[in-house]
2 protein chains.
Amino acid sequence: MNIADQVYSAADSATQDRAQTIRDQLRDAIVDRRLAPGTKLSEGEVGTLFDVSRTVARAALQMLSFEGLVRTERNRGAFVANPSPEEARQVFASRRLIEPGIAIAACGRVTAADIVAFKAQLDEEGRFIAERGPHARRSEIKASGDFHLLLASVAGNAILQRFMEELVARSSLVIALYGRSGASACGHSEHTGIVGALESRDSGLASRLMLHHIDHIEADLDLRVRAGPALREALNF
Amino acid sequence: MNIADQVYSAADSATQDRAQTIRDQLRDAIVDRRLAPGTKLSEGEVGTLFDVSRTVARAALQMLSFEGLVRTERNRGAFVANPSPEEARQVFASRRLIEPGIAIAACGRVTAADIVAFKAQLDEEGRFIAERGPHARRSEIKASGDFHLLLASVAGNAILQRFMEELVARSSLVIALYGRSGASACGHSEHTGIVGALESRDSGLASRLMLHHIDHIEADLDLRVRAGPALREALNF
DNA sequence: TGCACAAAAATCGTATGCAATCTTTTTTGC
DNA sequence: GCAAAAAAGATTGCATACGATTTTTGTGCA
């Protein structure tokens, strides 16, 4: 980490809420699957873990519940979300609606510096795919999500960017839950194709490629209900 | 208020958070323009007003800040959002992306009972347009937003529905801020047309009508910066 | 009068305490 | 031995308290 990063994160944690930094760390843990769906996140535990009071921990959990990554039940507490197949479909239906439009917008605003950033992102994805093991696989899911977030930031609409942050985070959960392990690496070449479309400012192509890409991600999921869904829910599993 | 309503709201306030009901009331007040943009919402004041502690008031304000209706500054407090013209454009760009898709989805799921609800909604809109005065105008903006929320609920995607709730609320703020008063009533006939397209399950028509409708709403805004924008921001006005 | 500076008031950020609710364990009756 | 009831323990919901920060007020000096 260089000096600039140190200053930035120092200023960050000092200026903005501690709750927000806790939220970010918890979100990373959920998206990385270090916290399994259904895991209880008690206020006290989170508080002692991050060395803050329950008040702050509670605020962080409230934020995550707004994002749909955590489900809170009154008088019972907060749990890592366990999206149902139906929820998973809604997540991808939302992405199909939003992301092709984001790709078009990004085509109209992308700069040379952005392209450089995209290429760096693609390189990082490639590294994680080359590696093996569960840690690399988690990093791969994360990096794949970051690609979509980078695109959203280039599109220049702060509102859509926030929606995408939520959708990508929830997608990561869904992929971790329902993903068929073998087929995950195929997204990389599609990302490369989208960057190519961006580079040539071909918004129609970028939009089409993005739509296909989302379809492929969803097709790689196994959204059939495994056991009886009522039972699964009853067991909170 | 009839018995059913009493029971409903009693169960509501008992079952779910008090913070949530405070948020809803504040949101209504903001959307109705009873709380002007820039108004300070101090935790203590909100708390005493609703007869709860600062803890609960703070949670409600945090929710509103997630929705973009309230802007919070550390150690300074919460203020009713004052969206810039650029933010206003982003709100409508987002709606252009999402709502035509919602209209298509709604076409595929709309029931006879939904159509009845839409007709009732249109009637209510018509009543408020016929009335005059500032109160009727506020109700008219609210009712117009409710039409879009009804459509989102028919579309059957909970995630998109929540996005739309946020977008409609922010739109109401934007319209209140930048709307040209004379031209607001024109949306009603377009709503009627959209319901007609729904009734005949013509998803292409519904989608096109929706897109035009959003364009018309945005065209009725005056998004030119009035004074120097830096000055306006500096004055927090 | 205008400005700089200090004291006071208001407000926020956070920790902590207590009552209410839920969960688990123990006890009791059959 | 097992089911139901009761008690103990844990956890949340909420109010309140206190230090930190910001805003306002008041005062002296040019």
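Naming: A, B, ... by sequence-line order, numbering from 1 per chain. Remember, it's a predicted structure, so these values are computed and weren't measured experimentally.
Distance, Gln62(B) CD to dC12(C) P: 14 Å, rounded to whole Å. Across the protein-nucleic acid pair, Asp51(A) atom CG and dA15(C) atom P stand 8 Å apart, rounded to whole Å. With rounding to whole Å, Leu41(B) atom CG is found 19 Å from dA10(C) atom P. To the nearest angstrom, C1' of dA15(C) lies 13 Å from CZ of Arg58(B). Note: CD (Glu43(B)) to P (dA17(D)) measures 16 Å, nearest angstrom.
Classified by interplanar angle (parallel below 30°, tilted 30° to 60°, perpendicular above 60°), the ring pair Phe147(A)/His191(A) is parallel.
Screening Arg89(B), Arg95(B), Arg96(B) against Glu218(B) for a side chain to side chain donor-acceptor pair (under 3.5 Å) leaves a single residue, Arg96(B).
The shortest non-hydrogen separation linking Ala81(B) to Leu173(B) is O-CD1, 3.8 Å. For Phe128(B) against Ala143(B), the heavy-atom pair with the smallest separation is CD1-CB, 4.1 Å.
Proximity of Ser53(B) to the phosphate of dA15(D): a side-chain N or O atom is located under 4.0 Å from OP1 or OP2. Note on Arg54(B): every side-chain N or O is 4.0 Å or more away from OP1 and OP2 of dT11(C). Of the side-chain N and O atoms in Arg18(A), one or more sit less than 4.0 angstrom from OP1 or OP2 of dA15(C).
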Subject >> Worked check of salt bridge (Lys or Arg N to Asp or Glu O under 4.0 Å) between Asp146(B) and Lys142(B) >> reply: CA-CA 6 Å; Asp146(B) 285 343; Lys142(B) 178 111 169 51; 3.8 Å; yes

Original post:
Stepwise, does the side chain to side chain donor-acceptor pair (under 3.5 Å) test hold for Asp24(B) with Thr21(B)?
Top reply: CA-CA 5 Å; Asp24(B) 291 343; Thr21(B) 67; over 6 Å; no

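Contacts of Ser42(B) with the nucleic acid, taken as non-hydrogen atoms under 4.0 Å apart, involve only primed sugar atoms and P, OP1 or OP2.
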Polar atom pairs between nucleotides 20-23 of chain C and protein, under 3.5 Å, N or O only, would you list them?
unit_1: dT21(C); atom_1: O3'; unit_2: Asn75(A); atom_2: ND2; d: 3.3
unit_1: dT23(C); atom_1: OP1; unit_2: Arg76(A); atom_2: NH1; d: 2.3

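Nearest-nucleotide positions on DNA chain C place Gly44(B) closer to the 5' end than the other of Val56(A) and Gly44(B).
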